Amino acid sequence: MNIEEIATKIRESIGKRKVQTAKFHLMTYSRDWSPREATDTQLPDIVVRPTSTEEVSKTLKIANEYKIPVVAIGGLTGMGGGAVPINKGIVIDTKGLNKVLEVDTKNFTVTTQTGVTILNLNNELEKYDFWCPHDPESKPSSTVGAAISCDNDGTFGIKYGKMVDFLLNAVIVTGTGEIVRVGHRKAYCTSSGYKLHWLLIGAEGTLGIVTEATLAILPKPETRAIEAFIFPSISDAAEALMRLLHSGLSVESAHINCKNRLGFYTHAYRTKHGKDPDIPEWAGALLFVSFNGDSEVVNFSNEYSKKIMKLHGGEIVKEREIVDGWWRSKHTLEFEPFLQKWPDSQRIKKFGSADLGIPIGRLEEAYEKYLEFTKKHQIEILGACVYNERPNKVSPSISFAVFVDDSNPDEVKRFYNYVRDMSKMAIDKEGTMSTYIGDGDRLGGFNRYEHGISLDYMWELKKVFDPNNILNPGKKFKSKWIKEY
Ligand SMILES: Cc1cc2nc3c(=O)[nH]c(=O)nc-3n(C[C@H](O)[C@H](O)[C@H](O)COP(=O)(O)OP(=O)(O)OC[C@H]3O[C@@H](n4cnc5c(N)ncnc54)[C@H](O)[C@@H]3O)c2cc1C
């Protein structure tokens with residue numbers, strides 16, 4: 001394949017300065033945040049930096065003609081290898097598609113290009129006293145397009161849900177370069193047609209490049225209150241949370257941390273204040289909750305929640321520093337395990353994780369397996385955190401996090417063996433092997449095990465959008481890391 005010929009064609013089509021082939025430009029796109037050795041990175045052949053849907057379309061038409069792979073790139077903070085150009089080819093850096101096109105406060109929608117970061121989108125909405133409550137920790141870098149394509153978790157999932165709850169319509173460019181609007185404009189509900197826009201959720205750029213999206217937005221809440229409670233175990237905390245939701249209170253966020261993670265919070269307190277916080281030995285889980293809304297409702301919710309937590313064996317965390325530390329970590333990525341500020345710490349020991357969806361009744365079993373498999377593969381535990389990502393439900397999306405030194409090839413190998421065992425365990429427990437990272441190039445080999453014959457239907461669907469399999473090939477369906485189960 002003559003790369004210079006392809007690059008020249010794209011340059012002629014969308015402009016010289018938007019297309020690069022020099023190594024200096026390619027280097028930035030060789031990896032994402034997934035743990036991987038330096039030898040497991042890949043330079044693309046061509047970098048394209050479009051600013052409009054039409055330019056993406058022109059690029060894809062040429063790519064399709066030459067059958068060269070195309071990978072959409074957001075902030076490259078993905079943790080599953082989704083944006084790594086493992087088959088080389090063209091990367092389309094979407095960050096130039098960063099215009100917020102319309103804020104419609106009457107119909108409660110925003111229409112935006114998808115290369116805008118989640119933080120910048122919300123900064124724009126703030127001018128109107130609105131917000132889009134999708135709030136991943138990586139918001140300063142991660143984009144709207146990637147949030148759709150990875151089905152990300154956010155801090156406020158238990159009240160507002162995920163992108164599937166926000167996405168009303170999207171403009172995509174298919175593998176043949178066709179521009180298609182999918183979804184239903186500004187209505188919040190529809191039973192008309194197929195919900196093709198929902199197919200994009202978690203598709204990791206394998207069905208189309210999402211260039212524009214219309215999302216549901218809300219007025220910003222007046223105030224919020226945040227508390228933390230300790231419980232003997234993760235399932236005790238989950239039960240109390242369930243009771244809280246059944247009471248009729250509207251919980252804004254609810255994250256349950258395991259004993260190990262609790263240890264990081266108490267350690268941070270000890271280091272700062274020179275004394276232990278008042279956390280008893282029996283504490284095996286730490287539940288953070290917040291409420292938002294009008295101050296009267298928030299105050300009531302906060303007080304009522306204390307009553308319910310107490311009734312269910314919970315004890316309030318008295319040290320405000322611990323509560324504030326958690327909130328800060330959600331918004332600044334300052335977290336005790338990363339003693340140095342992000343991103344420096346990640347270059348030494350990376351945060352790696354098996355992100356699993358586990359049925360509620362099996363939380364403890366899954367946690368036991370986490371302890372077992374980290375020991376088996378000699379991987380250092382960071383701790384488990386149970387996020388809840390469906391509105392008004394205890395809906396565990398669990399990050400079983402570990403430390404990985406990805407300058408050590410043996411440790412990287414052991415990490416992926418750990419991920420393999422955890423993924424299989426999740427599927428065997430009627431859960432799912434990925435809740436917010438996607439399949440990337442790590443989990444494709446398990447898709448048969450999780451999805452059975454429906455994987456063949458997925459492949460047929462992919463061919464409709466991308467007949468020549470140029471869109472992010474090697475992701476979702478195959479993996480060199482993990483053999484097919
Ligand atoms: C410190 C840290 C904190 C994190 N916190 C969270 C968190 O709280 N919640 C969470 O869910 N995740 C979190 N993540 C993971 C990561 O941020 C998310 O997966 C995020 O969606 C990646 O966004 P990105 O813009 O960096 O995407 P990239 O890594 O660039 O791409 C991710 C995938 O999306 C595809 N893609 C990107 N843009 C498009 C597009 N326009 N059209 C089609 N496909 C596209 C790519 O091809 C790739 O497959 C965190 C990661 C880090 C490093």
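Both ligands and their constituent atoms are indexed starting at 1 by order of listing. On a predicted model such as this, the values are computed, not experimentally measured, just so you know.
Residue contacts with ligand 1, taken as heavy atom pairs separated by less than 4.0 Å, involve Thr114 solely via side-chain atoms from C-beta onward. Residue Leu200 does not touch ligand 1, judged by heavy-atom distances below 4.0 Å.
Residue Gly154 places no N or O, backbone or side chain, under 3.5 Å from any N or O of ligand 1. Between Thr77 and ligand 1, a contact under 3.5 Å exists for at least one N or O pair. At under 3.5 Å, a nitrogen or oxygen of Gly82, whether backbone or side chain, sits near a nitrogen or oxygen of ligand 1. Distances between N or O atoms of Met79 and those of ligand 1 include no value under 3.5 Å. In terms of polar-atom proximity, Leu76 is counted as a contact of ligand 1, with an N or O under 3.5 Å from an N or O of the ligand. The shortest N/O to N/O separation between Ser149 and ligand 1 falls below 3.5 Å. Looking at ligand 1, you won't find any N or O of Cys150 less than 3.5 Å from one of its N or O atoms. Taking distance alone, with nitrogen or oxygen atoms compared against 3.5 Å, Asp32 stays at or beyond that limit from ligand 1.
For atom 2 (C) of ligand 1, the nearest non-hydrogen atom from the set Ser138, Ala146, Ser142 belongs to Ser138. The closest heavy-atom contact to atom 53 (C) of ligand 1, among the options Tyr387, Trp33, Phe351, comes from Trp33. Counting only non-hydrogen atoms, the option in Gly75, Ser141, Ser34, Gly157 that gets closest to atom 25 (O) of ligand 1 is Gly75. Nearest-heavy-atom check against atom 47 (O) of ligand 1 across Ala72, Gly205, Ala83 picks out Ala72.
Applying the 4.0 Å criterion to heavy atoms of Glu204 picks out, from ligand 1, the atoms 47 (O), 49 (O). Taking a cut-off of under 4.0 Å to the non-hydrogen atoms of Pro136, the atoms of ligand 1 that pass are 7 (C), 8 (O), 9 (N). Within ligand 1, the atoms closer than 4.0 Å to a non-hydrogen atom of Asn472 are 47 (O), 49 (O), numbered from 1 in the order shown. Near Gly208, meaning under 4.0 Å from any of its heavy atoms, are these atoms of ligand 1: 43 (C).
With hydrogens and angles left out, the side-chain atoms of Gln42 and Ser30 include no donor and acceptor closer than 3.5 Å. Ser290 and Ser253 are linked by a side-chain donor-acceptor pair at a separation below 3.5 angstrom, with hydrogens and angles left out of the test.
Under a 4.0 Å N-O distance rule, the pair Lys475/Asp439 does not qualify as a salt bridge. Between Arg31 and Asp40, none of the side-chain N atoms (NZ, or NE/NH1/NH2) sits under 4.0 Å from a carboxylate O, so this pair counts as no salt bridge. Salt bridge annotation for Asp456-Arg448: present, with a cationic side-chain nitrogen under 4.0 angstrom from a carboxylate oxygen. Comment: Lys162 engages Asp151 in a salt bridge, judged by a side-chain N to carboxylate O separation of less than 4.0 angstrom. The pair Arg328-Glu321 does not meet the salt-bridge criterion, since no charged nitrogen lies less than 4.0 angstrom from a carboxylate oxygen. A salt bridge links Lys330 to Glu137: at least one charged side-chain nitrogen sits closer than 4.0 Å to a carboxylate oxygen.
The ring of Trp131 has its center closer than 6.0 angstrom to the ring center of Tyr160.
Look at Ile209 and you'll find a heavy atom under 4.0 Å from some atom of ligand 1. Between Gly115 and ligand 1 there is no heavy-atom distance shorter than 4.0 Å.
Arg49 meets the salt bridge (Lys or Arg N to Asp or Glu O under 4.0 Å) test with no other residue; sequence neighbours excluded.
Annotation: Glu430, atom CD; neighbour count of heavy atoms from other residues, nucleotides and ligands within 6.0 Å does not exceed 12.
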Original post:
Given the rule in the ring pair (Phe, Tyr, Trp, His ring centres under 6.0 Å) test, do Tyr265 and Phe288 qualify, once you have shown the distances and angles that lead to the verdict?
Top reply: CA-CA 12 Å; Tyr265 288 102; Phe288 290 105; 5.3 Å; yes

